[in-house]
Amino acid sequence: MSHRVTLIPGDGIGPEVTGAARRVVEAAGVEVEWEVHDAGAVVMEREGTPLPDRVLESIRHTRTALKGPITTPVGTGFRSVNVALRQGLDLFAAVRPALSLPGVRSRFEGVDLLIVRENTEDLYAGIEFRAGSSELDALRERLRALGPFEVPHDAGVTVKPISVTGTRRIVHFAFDLAQRFGRRRITVGHKASIMPHSDGVFLAVATADAAHYPDVEFEELEIDEMALTLASEPERLDVLLLPNLYGDIVSDLCAGLVGGLGLAPGANIGWEYAVFEPVHGSAPDIAGRGLANPVATILSAAMMLDHLHEPEGAGAVRAAVRQVLAAGETRTPDLGGTAGTEAIADAIAGAAARIRERGGDAGDG
Ligand code: NAI
Ligand code: MG
């Protein structure tokens, strides 16, 4: 059966790493019809918007996308395409595994973490007040009357909403995921002592609803304590359940624990749609030079194959990545090697094809 998937190459290193992932998926014997749609800087120049409607329409139709990173221009008045996609498609859960890989030097061994990040609320909700704006003046007056709360005259303000409804769905999503993948414990990260009405909601809902899942252990940690634990004994933790901003920060931290952003895959999932993308950004410092590590995007594609009920394809892609990294001959500069994006993509695609053929032989008896 052939799958229809929307492919958003993205910008910076995006086209390089998504091109590699596409080749590996095809080599793993999964038939995909790609609907390729640009978004980001290139489209912005051409059409005046970085996210044309047809991109969202394509995903609403295919239900599944593989996406490269997209640069978020600072100070142009356009919101992040990534945030717009997550909110437009209600992709409320970001799932990001951080797993030690063979042949990759890192500070820790045996790390096997799964981050579940709430993806739509919190400081990412886009409720922003520019310093000096009349809107903020009005808000300042209102707050003075209500509190009294004093907002400094030269401050900008971002509002942090965390709802019971938004938290409840991510909590249930995380526990269902933990059960499905046989994970033993969920740890929620928060700062409820300082923000009782936002993080406090997240913690209270998670604590209450955890009781519905007696077979998965539940614990809570203040976010700074979680940071310390991750930096000193990451093997103590299993599934991390986090509000949006902490989830963003902890995702990069965990990528660092297992060898860097070049290896960290991710998925953005809602009830109806799913968009698979690496944790890293568009890496303008190395874009267009054929040096980017495509493994994060290739592993994101493996998560996509699981989602499309192609477990053999997903398994072949993961096994191929492990084989090539363990052999150690083909490595990109971020992992201490000299190979380029194409070379490692070739090696992984070749390995995936061989694994699939062997699997096929065995299957045919
Ligand atoms: P970044 O992740 O693009 O780069 C951070 C560092 O990691 C750089 O030194 C980069 O060269 C390196 N790096 C990242 N991915 C790599 C890979 N695959 N192989 C080798 N090295 C890699 O983060 P940065 O510089 O903060 O962001 C650049 C742009 O990307 C910004 O506009 C940001 O908003 C955007 N961004 C987009 C995301 C998305 O589309 N989902 C996620 C994160 C950032
Ligand atoms: Mg990030």
Side-chain angles (χ1 to χ4, degrees), residues 7-21 24 38-44 50-51 55 65-76 78-89 91 94-96 98 101 104 115 117-119 122-124 240 242-256 258-269 274-301 303 321 325 330-345 348:
L7 180 74
I8 304 173
D11 44 51
I13 60 172
E16 301 163 60
V17 293
T18 52
V24 171
D38 284 324
V42 196
V43 192
M44 178 73 198
L51 183 63
V55 182
L66 181 64
K67 175 185 162 297
I70 293 177
T71 307
T72 301
V74 180
T76 56
F78 273 97
R79 293 201 54 208
S80 155
V81 169
N82 306 304
V83 174
L85 266 177
R86 290 168 197 168
Q87 287 176 350
L89 299 170
L91 305 171
V95 179
R96 294 160 166 193
L101 289 163
V104 175
I115 296 159
R117 163 187 176 188
E118 200 289 321
N119 227 0
D122 192 356
L123 289 162
Y124 281 64
L240 309 179
L242 297 161
N244 210 338
L245 179 64
Y246 306 145
D248 179 47
I249 298 166
V250 168
S251 295
D252 281 35
L253 194 169
C254 290
V258 297
L261 283 171
L263 301 171
N268 300 294
I269 297 178
V275 175
F276 298 82
E277 62 174 338
V279 172
H280 64 71
S282 54
D285 52 335
I286 57 167
R289 293 163 54 198
L291 296 174
N293 187 346
V295 167
T297 312
I298 292 169
L299 291 174
S300 305
M303 294 174 78
V321 166
L325 290 176
T330 329
R331 277 197 194 135
T332 41
D334 58 311
L335 301 181
T338 54
T341 313
E342 291 269 334
I344 189 164
I348 295 171

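Just so you know, ligand 1 is whichever comes first in the structure, and atom 1 is the first atom listed for that ligand.
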- Task: Look up atom 24 (P) of ligand 1 and tell me if a protein heavy atom lies less than 4.0 Å from it?
- Result: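 It does not; no protein heavy atom is within 4.0 Å.
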- For the pair Thr341 (side chain) and Gly290 (backbone), establish whether a donor and an acceptor sit closer than 3.5 Å, ignoring hydrogens and angles.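 Present.
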- Could you walk me through whether Asp334 and Ile286 pass side chain to side chain contact (heavy atoms under 4.5 Å, CB included), step by step? CA-CA 11 Å; Asp334 58 311; Ile286 57 167; over 6 Å; no
What is the minimum heavy-atom distance between [X] and [Y], and which atoms define it?
| X | Y | answer |
| --- | --- | --- |
| Thr330 | Ala339 | CG2-CB, 3.7 Å |
| Pro69 | Pro278 | CD-CG, 4.3 Å |
| Ala98 | Val258 | C-CG1, 4.0 Å |
| Ile8 | Ala39 | CG2-CB, 4.0 Å |
| Tyr124 | Gln87 | O-NE2, 3.2 Å |
| Gly10 | Ile70 | CA-CG1, 3.8 Å |

- Query: Under the side chain to side chain contact (heavy atoms under 4.5 Å, CB included) criterion, do Leu85 and Asn268 qualify, and how do the steps go?
  - Reply: CA-CA 10 Å; Leu85 266 177; Asn268 300 294; over 6 Å; no
Looking at non-hydrogen atoms alone, which of [options] comes nearest to [atom]?
| atom | options | answer |
| --- | --- | --- |
| atom 21 (N) of ligand 1 | Ile286, Ile70, Asn82, Asn293 | Ile286 |
| atom 28 (C) of ligand 1 | Pro333, Gly260, Pro284 | Pro284 |
| atom 29 (C) of ligand 1 | Ala94, Ala287, Ser282, Pro294 | Ser282 |
| atom 31 (C) of ligand 1 | Thr332, Thr72, Asp11 | Thr72 |

- Query: Is the closest heavy atom of Leu261 to ligand 1 under 4.0 Å?
  - Reply: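 Under 4.0 Å: yes for Leu261.
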- Message: In this structure, does ligand 1 have an atom that sits under 4.0 Å from one of the heavy atoms of Val279?
- Response: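 Val279 counts as a contact of ligand 1 under the 4.0 Å cut-off.
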- Message: Checking contacts here: is it the side chain or the backbone of Asp285 that comes within 4.0 Å of ligand 1, counting heavy atoms only? Could be both or neither.
- Response: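 Under 4.0 Å from ligand 1, Asp285 contributes side-chain atoms alone.
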- Query: Is ligand 1 under 4.0 Å from a heavy atom in the side chain of Ser80, in the backbone, in both, or in neither?
  - Reply: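 Neither; nothing of Ser80 gets under 4.0 Å from ligand 1.
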- Message: Any nitrogen or oxygen of Ala283 lying under 3.5 Å from a nitrogen or oxygen in ligand 1? Just yes or no.
- Response: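 N/O-N/O distance below 3.5 Å exists for this pair.
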- So is there a nitrogen or oxygen of Asp334 less than 3.5 Å from a nitrogen or oxygen in ligand 1?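 Among all N and O atoms of Asp334, none is under 3.5 Å from an N or O of ligand 1.
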- Using a strict 4.0 Å cut-off to heavy atoms of Glu277, name the atoms of ligand 1 that fall inside it.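 Near Glu277, the atoms of ligand 1 are 39 (C), 40 (O), 41 (N).
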- Query: By number and element, which atoms of ligand 1 are closer than 4.0 Å to a non-hydrogen atom of Thr71?
  - Reply: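 Listed by number with element, the hits are 32 (O).
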- Query: Relative to the Mg ion (ligand 2), which of the N, O or S atoms in Asp248 is the closest?
  - Reply: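 Per the distance ranking, Asp248 contributes OD1 as its closest N/O/S atom to the Mg ion (ligand 2).
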Which protein non-hydrogen atom lies closest to [atom], naming both residue and atom, and how far is it?
| atom | value |
| --- | --- |
| atom 16 (C) of ligand 1 | Ile13 CD1, 4.0 Å |
| atom 2 (O) of ligand 1 | Gly281 N, 2.7 Å |
| atom 14 (C) of ligand 1 | His280 CB, 3.7 Å |

- Using a 4.5 Å cut-off on heavy atoms from C-beta on, say whether the side chain of Val81 contacts that of Met44.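 A side-chain contact under 4.5 Å is absent here.
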- Query: Quick one: does Cys254's side chain get under 4.5 Å of Val279's, heavy atoms only?
  - Reply: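 Contact flag for Cys254/Val279 side chains = no.
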- Decide, counting backbone as well as side-chain atoms, whether Asp252 has an N, O or S atom less than 2.8 Å from the Mg ion (ligand 2).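 Not a single backbone or side-chain N, O or S atom of Asp252 is under 2.8 Å from the Mg ion (ligand 2).
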